[in-house]
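Working notes, beginning with the structure itself.
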Amino acid sequence: KISPDSHHLTVELAGLFPSASCTRRSPQAHISSQREQSSLEVIHRHGPCGVGDSKSPTAAEMFVQDQARVDFINSKFSGKFKAMDSLRPSKATKIPAKSGATIGSGNYIVNVGLGTPKKYLSLIFDTGSDLTWTQCEPCARYCYDQKDPVFAPSQSTTYSNITCSSPDCAQLESGTGNQPGCSAAKSCIYGIQYGDQSFSVGYFAKETLTLTSTDVIDNFLFGCGQNNRGLFGSAAGLIGLGQDKISIVKQTAQKYGQIFSYCLPKTSSSTGYLTFGSGGGGGALKYTPIIEAHGVANFYGLNIVGMKVGGTQIPISPSVFSTSGAIIDSGTVITRLPPDAYSALKSAFQKGMVRYPKAPELSILDTCYDLSKYAAVSIPKVSFLFKGGTEIDLDGTGILYGASTDQVCLAFAGNRDPST
Amino acid sequence: IAIIGNVQQKTLQVVYDVGGGKIGFGYNGC
């Protein structure tokens with residue numbers, strides 16, 4: 001709700017937290033039927049709509065995984081992957097992640113069918129990577145526990161391995177970052193890692209992918225993982241939505257025109273959608289160009305030129321964002337800003353929150369408030385300014401992150417070192 | 001690198017028009 005001066009948002013505390021039961025959105029709500037598109041329901045892995053994950057991570061655990069993903073993304077921009085311990089110590093409290101894991105933790109998943117007859121699998125979708133893979137029988141080396149039955153290629157009539165000599169095999173490196181291998185039977189072997197030991201290795205294969213009952217993709221190239229480790233929770237694998245040619249976006253270019261969209265729900269107890277093809281929906285769209293962030297091709301780079309708090313542009317020199325560069329990533333939970341930008345955001349936001357009592361820091365979030373005495377609060381609006389004049393206002397749930405009503409924090413974190 | 005995370009994207013309809021080289025944002029997407 002916008003308060004009279006339109007530079008502040010009225011946020012109801014209850015709206016920041018998931019409810020016990022799931023509120024599904026009507027899948028047709030945003031579909032414009034006349035155009036070719038395919039819409040999948042998006043659920044948050046750790047909410048009541050989810051796949052019944054064993055246990056949700058605490059905020060601190062989530063932020064540790066989130067920081068590891070951010071470190072890994074930064075390492076790609078710094079030219080080489082550094083061992084985790086050489087990266088700067090993060091503010092996130094160190095919780096030993098079990099078997100590796102930085103697929104990140106803010107996982108949004110969709111249900112797709114694979115093979116003939118189709119078998120349903122819950123896959124994480126990730127704009128920060130390109131390869132789609134799932135765990136496959138016989139799990140020659142290792143499969144982590146997943147909710148859905150592990151995909152069995154032997155039971156599908158449309159499955160085939162890609163041979164080492166196939167051009168599809170040669171193109172793997174740009175999408176996974178690793179040279180493909182070759183098995184004794186001349187089958188193409190892929191390997192992908194997501195940072196700090198989480199990875200998937202297996203056969204690069206072709207299969208029929210069913211997005212919805214009416215949208216079936218034949219000869220879809222994906223990874224059939226025989227050795228998979230990481231805290232992917234109960235998800236069966238991952239859908240890569242990056243810009244490499246092995247991404248589902250490029251593989252379905254003819255059908256969907258290289259357009260996809262998603263909406264991530266306010267809380268983990270409601271659902272969103274992932275749509276392939278040009279879908280209508282949510283009002284007029286404001287566009288900004290995709291740029292190549294610092295020459296790392298597969299990420300979706302954006303040109304942020306500034307930010308506004310409470311309707312006023314905050315003092316950040318334009319060079320701050322042009323030096324750091326910026327990407328948008330569905331797999332990173334908390335937005336990371338260059339240090340100067342974060343400190344300007346923090347001080348402007350604090351000025352607009354003086355009436356509320358402070359609360360202790362929450363891991364990487366250092367600007368927190370005790371709002372347990374309020375049913376609703378009035379907070380300064382926060383907006384991103386992109387080159388070309390596009391200005392995007394954030395929802396209240398995009399400005400505040402609540403671990404509990406007595407610890408509600410500004411949902412941004414500063415990078416440590418401007419060059420990252 | 002600055003990274004716009006998924007918390008900040010909540011309720012926005014985020015349209016990746018990769019062929020068109022642009023990203024669109026719409027309010028009240030969900």
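Labels below follow one simple rule: chain letters A, B, ... track the order of the sequence lines, proteins then strands, and each chain is numbered from 1.
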Starting at CD1 of A/I259, measure out to CG of B/D17 and round the result to the nearest 0.5 Å. 4.0 Å
Minimal non-hydrogen separation, B/Q8 against A/V333, with atom names: OE1-O, 4.0 Å
Specify the closest pair of heavy atoms between B/C30 and A/Y273, including all atoms of both residues, with the distance to one decimal. CB-CE2, 4.5 Å
For the residue pair A/N415 and B/I1, what are the closest heavy atoms and their distance? ND2-O, 2.8 Å
My understanding is that only residues two or more places apart in sequence, or in another chain, count here; which of them pass salt bridge (Lys or Arg N to Asp or Glu O under 4.0 Å) with A/K250? none
Could you have a look at A/T397, A/I327, A/V249 and say which one has the most heavy-atom pairs with chain B under 4.5 angstrom? A/I327
If you count heavy-atom pairs within less than 4.5 Å of chain B, which of A/T390, A/T288, A/L337, A/I399 leads? A/T288
So, A/D329 side chain and B/G5 main chain: donor-acceptor pair closer than 3.5 Å or not? no
Just to verify, what does A/D393 make a salt bridge (Lys or Arg N to Asp or Glu O under 4.0 Å) with, not counting sequence neighbours? A/K381
Nearest 0.5 Å, please: how far is CG in A/L394 from OG1 in B/T11? 8.5 Å
Provide the closest heavy-atom pair for A/C263 versus B/G29 in the form atom of the first, atom of the second, distance. SG-C, 3.3 Å
Non-hydrogen atoms of B/I23 and A/Y300 that approach each other most closely: CD1-CB, 4.1 Å
Any side-chain heavy atom of B/V14 within less than 4.5 Å of one from A/T127? no
Would you say the side chain of B/V7 lies within less than 4.5 Å of the side chain of A/F412, judging by non-hydrogen atoms? no
Can you tell me how far CD1 of A/I392 sits from CD of B/Q9, rounded to the nearest 0.5 angstrom? 11.5 Å
d(B/N6 CG, A/L264 CG) to nearest 0.5 Å is 6.0 Å
Under 3.5 Å, is there a donor-acceptor pair between the side chain of A/D395 and the main chain of B/L12? no
Side-chain (B/K10) to main-chain (A/K266) donor-acceptor, under 3.5 angstrom: yes
Heavy-atom distance under 4.5 Å to chain B: side chain of A/F321, backbone, both or neither? side chain
When the ring planes of A/Y262 and B/Y16 are compared, do they come out parallel, tilted or perpendicular, using 30° and 60° as the limits? tilted
Heavy-atom contact with chain B under 4.5 Å, split by part of A/L302: side chain
Minimum heavy-atom distance between B/F25 and A/I328, given as atom pair plus value: CE2-CD1, 4.0 Å
